[in-house]
S.K.: 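Shown below is the structure under consideration.
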Amino acid sequence: MSFTDLPVAAAWSHRDARSGFEVVHLWRDGDGHRMEGCTTAVEDDQAWYVQYEITVDSGWTTRSARITGRSPTGWHTVLIESDGAGRWVIDGTEAPHLDGCLDVDLESSAMTNMLPVHRLALPAGGCAAAPAVYVRATDLYVARLEQNYRRTSDDGTRQRYDYSAPAFDFACRLIYDASGLVLSYPGIATRVA
């Protein structure tokens with residue numbers, strides 16, 4: 001089952017791990033897509049916000065991400081760029097430790113979990129590793145995050161994936177709408193618009 005067109009905007013209520021809200025606007029950009037959003041939250045008694053602009057190519061491979069944030073640690077900005085083949089540059093410096101990653105995953109965002117699902121286009125029962133360029137919320141520190149997605153049976157028009165991030169000893173079942181945006185991210189966020 002392929003995804004329908006993306007809505008022009010979406011929003012999530014973040015709860016449990018943090019208390020906050022995320023809004024994103026999405027549109028076609030040439031052959032790919034562009035997403036501009038912002039998350040504001042309180043986590044571990046720290047208030048922060050993260051604003052992001054992400055572009056993906058026609059195959060849903062992340063090509064660039066500009067992220068700006070403010071937290072008790074100060075203002076931070078990072079520009080992440082990819083050649084589309086898994087090689088990355090962070091603020092103009094090559095980042096070989098990220099080789100092989102094709103997606104960006106923002107700790108602050110529920111939206112970014114749609115990127116590998118669109119790119120992988122897994123059939124029911126299919127599974128794949130999807131290492132990502134991971135950006136922390138409070139200081140925008142960039143690291144590699146090993147992730148796995150396994151598509152389970154669909155629930156009508158909703159695709160379901162068993163997701164795991166072993167570094168955080170975290171696993172859950174993600175539920176996506178017909179356009180491939182996360183509806184339910186247990187312990188993190190729920191789609192509200």
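Values reported hereafter were calculated over all heavy atoms of this structure, with side chains retained and with hydrogens, waters and symmetry mates removed.
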S.K.: Are the side chain of R63 and the backbone N or O of I54 linked by a donor-acceptor pair below 3.5 Å?
M.R.: no

S.K.: Quick check on the hydrophobic clustering: are V104 and L145 connected, directly or via other members, by side-chain heavy-atom contacts under 4.5 Å?
M.R.: yes

S.K.: When you measure from the side chain of R136 to the backbone of T138, do you find a donor-acceptor pair of N or O atoms at a distance under 3.5 Å?
M.R.: no

S.K.: Under 4.5 Å between side-chain heavy atoms, counting indirect links through other Ile/Leu/Val/Met/Phe/Trp/Tyr residues: same cluster for L181 and L183 or not?
M.R.: no

S.K.: Can any side-chain N or O of T61 pair as donor or acceptor with the backbone N or O of L102 at less than 3.5 Å?
M.R.: no

S.K.: Between CG of L174 and OG of S184, what distance do you get to the nearest 0.5 Å?
M.R.: 7.5 Å

S.K.: Could you tell me whether R158 and D177 have a side-chain N and a carboxylate O separated by less than 4.0 Å?
M.R.: no

S.K.: Should T93 and W88 count as side-chain neighbours, where that means a heavy-atom distance under 4.5 Å?
M.R.: no

S.K.: Might you confirm whether atom CD of E94 has over 12 heavy atoms from other residues, nucleotides or ligands at distances under 6.0 Å?
M.R.: no

S.K.: Counting only heavy atoms not in D31 (residues, nucleotides, ligands), do more than 12 fall under 6.0 Å from its CG?
M.R.: no

S.K.: What residue among H118, R119, Q147 forms side chain to side chain donor-acceptor pair (under 3.5 Å) with D103?
M.R.: R119

S.K.: Do we see a donor-acceptor contact under 3.5 Å between the side chains of T190 and R15?
M.R.: yes

S.K.: Return the CG to CZ distance between L79 and R66, rounded to the nearest 0.5 Å.
M.R.: 4.5 Å

S.K.: Scan for ring pair (Phe, Tyr, Trp, His ring centres under 6.0 Å) pairs involving residues 143-175, sequence neighbours excluded, and state none if there are none.
M.R.: Y134-F168, Y149-Y163, Y161-Y176

S.K.: Could you give the distance from CE (M35) to OG1 (T62), rounded to the nearest 0.5 Å?
M.R.: 7.0 Å

S.K.: Do V56 and L115 touch side chain to side chain, with heavy atoms closer than 4.5 Å?
M.R.: yes

S.K.: Is it true that D162 and R173 have a side-chain N and a carboxylate O under 4.0 angstrom from each other?
M.R.: yes

S.K.: About how many Å separate OH of Y49 and OG of S71, when rounded to the nearest 0.5 Å?
M.R.: 10.0 Å

S.K.: Between W12 and I188, is any pair of side-chain heavy atoms under 4.5 Å apart?
M.R.: no

S.K.: Measuring only between side-chain heavy atoms, which start at C-beta, is P7 closer than 4.5 Å to S179?
M.R.: yes

S.K.: Is a side-chain donor or acceptor of D57 paired with a backbone partner of W60 at a separation under 3.5 angstrom?
M.R.: yes

S.K.: Can E107 and Y141 be counted as having a side-chain donor-acceptor contact under 3.5 angstrom?
M.R.: no

S.K.: Is atom CG of D83 surrounded by more than 12 heavy atoms (other residues, nucleotides or ligands) closer than 6.0 Å?
M.R.: yes

S.K.: Partners of D91 by salt bridge (Lys or Arg N to Asp or Glu O under 4.0 Å), sequence neighbours excluded?
M.R.: none

S.K.: Report yes or no: does E22 contribute a side-chain atom to a donor-acceptor pair with the main-chain N or O of A110 at less than 3.5 Å?
M.R.: yes

S.K.: Output the distance between atom CG (L106) and atom OG1 (T112), rounded to the nearest 0.5 Å.
M.R.: 4.5 Å

S.K.: For the atom pair CD1 (I67) and OG1 (T77), what is the distance rounded to the nearest 0.5 Å?
M.R.: 9.5 Å

S.K.: Closer than 3.5 angstrom, by distance alone: can the side chain of S109 be matched with the main-chain N or O of M111 as a donor-acceptor pair?
M.R.: yes

S.K.: I'd like to know if D154 and R160 make a salt bridge, using a cut-off of under 4.0 Å between side-chain N and carboxylate O.
M.R.: no

S.K.: Using modelled atom types only, decide if a donor and an acceptor are shared between the side chain of R34 and the backbone of W27 within a distance under 3.5 Å.
M.R.: no

